[in-house]
Amino acid sequence: MKSSFARHRVLPRSFYKGDPREVGPALLNKLLVGRGRAGRIVEVEAYLGTEDPASHAYHGPTRRNATMFGPPGRLYVYFTYGMHFCANAVCGPEGISRAVLLRALAPVAGIELMRVARGPAVVDRHLSSGPAKLCQAFGIGRADDGADLVTGDKDLVIADDGTPPPARSAISGRVGVASAAEVPWRWWVEGDLNVSRGTSRVAVVL
DNA sequence: CTTTGGATCGTCT
DNA sequence: GACGATCCAAAGG
């Protein structure tokens, strides 16, 4: 297991320092690796913190969103709808609370572990085809808020295996947000079967 | 203190 | 396509 990821390069902190509208699409086709599992990032959304009505950080720092105001390259994990966790890669600069929501992964390794975490009735293409599903598949929860994706202190990193982002990413408005839903800050790998709902509608292709 | 509604998912129709 | 589950952070009084 470990040897098969030997040539993977963990993304450096500098990767996360920019605007999430650039970091987000750049994360497509990168790998979330850890806990004996790996998944290719195939869908993301950008959130612009205090400047974004749809962001949890829009009204300023709170206990819940504190991680987003911290340094880039960490994982902001939040609890929602009474039962789900979702995970974001925090972007820079520090204090502006910008982040990229990880919305879907294509399972690459550790699929048996994901099946155990997600349940026996779940087909492979839905093991991590949503922001809460991928957290469940990786066992990501409350304790992982603030995990460092560069040092891997919680056994979670994002790595590059040499696969570039798609030349043509599909784009749409963000899913499930009540405000600023029209801004086109959602990107996914066109045609990937693990992408979450809503790919048939909007979808501009660059 | 109380109220409100959520960056979702699975099930049912 | 619609809806219920189920908790809690944040806003308002």
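Values below: every heavy atom of this structure, side chains too, minus hydrogens, waters and symmetry copies. The sequence lines fix the lettering, A, B, ..., with proteins before strands; numbering per chain opens at 1.
- For the contact set between residues 71-82 of chain A and DNA chain C, defined by any heavy atom under 4.0 Å, the members are A:F79, A:Y81, A:G82.
- Contact check for A:F79 versus A:R142: side-chain heavy atoms found under the 4.5 Å cut-off.
- Side-chain contact between A:I140 and A:L156: present, with at least one pair of heavy atoms (C-beta onward) separated by less than 4.5 Å.
- Looking at every heavy atom in both residues, A:A109 comes nearest to A:M114 through O-CE, 3.4 Å.
- Position along DNA chain C of the nearest nucleotide to A:H84 versus A:R142 favours A:H84 as the more 5'-ward residue.
- Taking 4.0 Å as the cutoff to heavy atoms of chain A, we find the contact window on DNA chain B bounded by B:dG6 to B:dG10.
- Every residue two or more places apart in sequence or in another chain that forms a side-chain hydrogen bond (donor to acceptor under 3.5 Å, both in side chains) with A:T163 is listed here: A:R40, A:D161.
- Listed by first residue number, the stems of DNA chain C with at least three Watson-Crick or G-U pairs below 3.5 Å are B:1-6 with C:7-12, B:8-12 with C:1-5.
- Contact annotation for A:H59: backbone-only contact, meaning every heavy-atom pair under 4.0 Å involves sugar-phosphate atoms and none involves a base.
- Residues satisfying the side-chain hydrogen bond (donor to acceptor under 3.5 Å, both in side chains) test with A:T80, not counting sequence neighbours, are none.
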Pair up each side-chain donor or acceptor in residues 27-34 of chain A with any protein partner under 3.5 Å, not counting sequence neighbours, and list the distances.
residue : atom : partner : partner atom : Å
A:N29   : ND2  : A:P164  : O            : 2.9
A:K30   : NZ   : A:A26   : O            : 3.1

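- Residues meeting the salt bridge (Lys or Arg N to Asp or Glu O under 4.0 Å) test with A:R13, sequence neighbours left out: A:D148.
- Here chain A contacts DNA chain C (any atom closer than 4.0 Å to a heavy atom, that is under 4.0 Å), and the contacts span C:dA5 to C:dA11 from 5' to 3'.
- Among the heavy atoms of the strands lying under 4.0 Å from A:A54 is at least one base atom, whether or not backbone atoms are also near.
- Sorted by first and then second residue, the pairs that involve residues 111-122 of chain A and meet salt bridge (charged side-chain N to carboxylate O under 4.0 Å, His left out), not counting sequence neighbours, are A:E112-A:R115, A:R115-A:D124.
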Hey, can you pull the donor-acceptor pairs under 3.5 Å for the side chains in residues 90-101 of chain A, sequence neighbours left out?
residue : atom : partner : partner atom : Å
A:S97   : OG   : A:T50   : N            : 3.4
A:R98   : NH2  : A:E51   : OE1          : 3.2
A:R98   : NH2  : A:E51   : OE2          : 3.0

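- Not counting sequence neighbours, the partners of A:S129 by the side-chain hydrogen bond (donor to acceptor under 3.5 Å, both in side chains) test are A:K133.
- Distance check on atom P: C:dT6 versus B:dT2 gives 23 Å, rounded to whole Å.
- To the nearest 0.5 Å, atom OH of residue A:Y47 and atom CZ of residue A:R21 are 13.5 Å apart.
- Take A:D192 and apply the salt bridge (Lys or Arg N to Asp or Glu O under 4.0 Å) test, not counting sequence neighbours, and it matches no residue.
- Under the 3.5 Å distance criterion, with hydrogens and angles disregarded, a donor-acceptor pair is assigned to the side chains of A:R186 and A:S172.
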